[in-house]
Amino acid sequence: MPPFRAPRGTRDLLPTERSAFRRLEAVAADLARRYGYREIETPMFEEAAVFERGVGAVTDVIEKELFRIAHRSDEGESWALRPEPTAGIVRAYIQHGMQTWPQPVKLTMTGPMFRYDRPQAGRYRQFWQFDIEAIGDPGPAIDAEIIELGRSFYRLAGLDEVEILLNSIGDAACRPAYIAALTAYYAPHADRLPAIERERLHKNPLRLLDSKDPAMAELNAGAPRITDQLCDACQAHFTAVRGHLAVLGIVYRLEPALVRGLDYYTRTAFEFYIPGRQGQQQALGGGGRYDGLAGLLGGRPTPGIGFGLGLDRIVLALQAKGALESSEAASVAVVVGADPADTATRLRVATDLRAAGIAARADLSRRKLGKQLESAAKERVHFVVIIGDELADGNVQLKDLDAGSQQLVPLADLARKLASGDKSHRHGVGESQGPAGRS
RNA sequence: GUGGCCUUAGCUCAACCGGCAGAGCAUCGGAUUGUGGAUCCGAAGGUUACGGGUUCGACCCCCGUAGGCCACCCCA
């Protein structure tokens, strides 16, 4: 056994898997650009207080999942690896005075997040998110646009079956009253509740609604619904969001039990998920409105809305569908040689090809020609350049491995020939895991 | 953080009741000194996750640890 392994909950993205991520990132970047979002990059760690105040000190994400890093000279402060992107981006919005930019400020970021929870398939301590934030627009039209953006991303990624859950969780004006009503509803039954539900009653009453305990089903059915108790402003906002979604033809399911786990959410809450899958995590991404966040972080009250979509879970879902199959040659051409010892000429020819813009690698082994061809064939390269005695007349053999044909080509024409016969531009979102199989 | 299942070569898996650790794939070499993925032959690859215990003897039984997975908590 190797003495060192990737830390628990982390993993190496091997080249084939990394290329699937790369393509998702490219889809995300292009889509965000088309909607007018500009890329931002915030640090992977922040003062822990950014998350404690932004995300909420009593949430699971902070209480038990935050990766803390002590300062070198520990003076009671600590940094923390970002568990989600929004708090850091809003911190940057405030720090750089983005309220003086044209509003809303539309930002996107894709990168790793960190949560110290117990790993499972699709749940990692380091995971990747595609994030979108529109700060400074109270909605409701932008809410619908962002949900539509998320749906477009999944479609482009190859997951047409992704469904949307929608809810409104009110705001500071109506949520406290609703929580009080909910607590009052369950309180008389408190002693008969399962232990975990009793704890929720105190700690996070909204969670009672989506209990997985069948014994709770009857009680939950009669519970008050937040969407029936929204204040007028939240109700009007929610109605307008739904109206805009209808115009866009977005199909979604109202889910009154949808509660976002972070404190900063207000009003619109949504989630993208894949129905009917066992194991792994069905939630592929989620987001919502956070009109109170900027204030919590010391800025002027500023509305905002955004989402974070988990790339790891998308790749997992694509793998489960067998949708990552496709082949891609590592290079357009491999330069091999009849003289096993003459690596210098092969290197020189390959170097000239690259300078001309052709993807080419030289076989720098000292193996005989047959072995060099064998390797090239296993790589599924399309063209092989064979260096041999013909070089004395300025010629090389250009072999098309797919067709099995071969022609004598002047070295001077080689790059042009390869450029015209380029077969490298055919790929999907991913590729197979290589000859050995899966990761 | 709670409970459960699992861990044998790079990968997928065998190994009877506790009795000599194996195969396929992949890798490398040969058959084939200037022509490829097939075929045949061969080689290399193991502290049976790690650490203890029981036993004449442990991949196998027991304890602990680590990692993976499943269900929760929660979430992407």
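A, B, ... follow the sequence lines: proteins, then strands. Residue 1 opens every chain.
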Could you run down the sub-3.5 Å N/O contacts of the protein with nucleotides 2-7 of chain B?
unit_1 : atom_1 : unit_2 : atom_2 : d
B:U2   : O4     : A:R118 : NH1    : 3.1
B:G3   : O6     : A:R118 : NH2    : 2.8
B:G4   : O6     : A:R118 : NH2    : 3.3

Between A:W79 and A:E47, does a side-chain hydrogen bond (donor to acceptor under 3.5 Å, both in side chains) hold up when you go through it step by step?
-> CA-CA 4 Å; A:W79 293 303; A:E47 289 295 333; 3.2 Å; yes
What integer distance in Å separates [X]:[atom1] from [N]:[atom2]?
X: A:R11; N: B:G68; atom1: CZ; atom2: P; value: 11 Å
X: A:R125; N: B:C69; atom1: CZ; atom2: C1'; value: 15 Å
X: A:R313; N: B:C74; atom1: CZ; atom2: P; value: 14 Å
X: A:L24; N: B:A76; atom1: CG; atom2: C1'; value: 14 Å
X: A:R380; N: B:G37; atom1: CZ; atom2: C1'; value: 10 Å
X: A:Q282; N: B:C74; atom1: CD; atom2: C1'; value: 15 Å
X: A:F21; N: B:A76; atom1: CZ; atom2: P; value: 16 Å
X: A:F130; N: B:A76; atom1: CZ; atom2: P; value: 15 Å

Cation-pi between A:R267 and A:F238: NZ/CZ under 6.0 Å from ring centre and within 45° of the ring axis?
-> no
What is the nucleic acid contact for A:D312, judged by heavy atoms within less than 4.0 Å: base, sugar-phosphate only, or nothing?
-> nothing
Of the options A:T268, A:I305, A:T266, which is the one that meets A:D291 in a side chain to side chain contact (heavy atoms under 4.5 Å, CB included)?
-> A:T266
Knowing that exactly one of A:I135, A:L293, A:I132 qualifies, which makes a side chain to side chain contact (heavy atoms under 4.5 Å, CB included) with A:T86?
-> A:L293
If I pick the [atom1] atom on [M] and the same atom on [N], what distance separates them, to the nearest angstrom?
N: B:G42; M: B:U32; atom1: C1'; result: 15 Å
N: B:A44; M: B:C5; atom1: C1'; result: 35 Å
N: B:A58; M: B:U2; atom1: C1'; result: 33 Å
N: B:A15; M: B:C6; atom1: P; result: 15 Å
N: B:U7; M: B:C50; atom1: P; result: 14 Å
N: B:G22; M: B:C63; atom1: C1'; result: 30 Å
N: B:U39; M: B:G45; atom1: C1'; result: 24 Å
N: B:A49; M: B:A9; atom1: P; result: 8 Å

Charged N to carboxylate O below 4.0 Å: is that the case for [X] and [Y]?
X: A:E52; Y: A:R68; result: yes
X: A:R82; Y: A:D131; result: no
X: A:D117; Y: A:R115; result: no
X: A:R18; Y: A:E25; result: yes

Out of B:C73, B:C75, B:G37, which has the shortest distance to the side chain of A:R207?
->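 Within the option list, the nearest is B:C75.
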Choosing from B:A76, B:A66, B:G36, which nucleotide comes nearest the side chain of A:Q129?
-> B:A76
Distance check: side-chain N/O of A:R123 vs OP1/OP2 of B:C69, anything under 4.0 Å?
-> no
Judged by nearest nucleotide, the residue sitting upstream toward the 5' end of RNA chain B, A:L309 or A:R8, is A:R8
Nearest-nucleotide 5' precedence on RNA chain B, A:G286 against A:G9 | A:G9
Could you tell me whether the side chains of A:Y273 and A:R253 share a donor-acceptor contact shorter than 3.5 Å?
-> yes
Watson-Crick and G-U pairing of RNA chain B, under 3.5 Å, as dot-bracket with | and [ ] = (((((((..((((.....[..)))).(((((.......))))).....(((((..]....))))))))))))....
Atom pairs, N/O to N/O, protein against nucleotides 28-35 of chain B, distance under 3.5 Å?
unit_1 : atom_1 : unit_2 : atom_2 : d
B:A31  : OP2    : A:K368 : NZ     : 3.0
B:U32  : O2'    : A:K368 : NZ     : 3.1
B:G34  : OP2    : A:A338 : O      : 2.9
B:G34  : O6     : A:D389 : N      : 2.4
B:G34  : O6     : A:D389 : OD2    : 3.0
B:G34  : O6     : A:E390 : OE1    : 3.3
B:G34  : N1     : A:E390 : OE1    : 3.0
B:G34  : N1     : A:E390 : OE2    : 2.9
B:G34  : N2     : A:E390 : OE2    : 2.6
B:U35  : O2     : A:K399 : NZ     : 3.3
B:U35  : O2     : A:Q406 : OE1    : 3.4
B:U35  : N3     : A:Q406 : OE1    : 3.0
B:U35  : N3     : A:Q406 : NE2    : 3.2
B:U35  : O4     : A:Q406 : NE2    : 2.8

Centres of the A:F270 and A:F272 rings: under 6.0 Å?
->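 Ring-ring flag for A:F270/A:F272: true, centres closer than 6.0 Å.
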Throw together a table of side-chain donor-acceptor distances under 3.5 angstrom for residues 178-185 of chain A, partners on residues two or more places apart or in other chains.
unit_1 : atom_1 : unit_2 : atom_2 : d
A:Y178 : OH     : A:P224 : O      : 2.8
A:T183 : OG1    : A:I179 : O      : 2.7
A:Y185 : OH     : A:L219 : O      : 2.6

A:R34 meets the salt bridge (charged side-chain N to carboxylate O under 4.0 Å, His left out) criterion, sequence neighbours left out, with A:D30
Can you name the salt bridge (charged side-chain N to carboxylate O under 4.0 Å, His left out) partners of A:D160, sequence neighbours left out?
->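 Scan of A:D160 (salt bridge (charged side-chain N to carboxylate O under 4.0 Å, His left out), adjacent residues dropped) gives none.
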Would you say the side chain of A:K64 and the base of B:C74 hold a donor-acceptor pair, judged only by whether the two atoms sit under 3.5 Å apart?
-> no
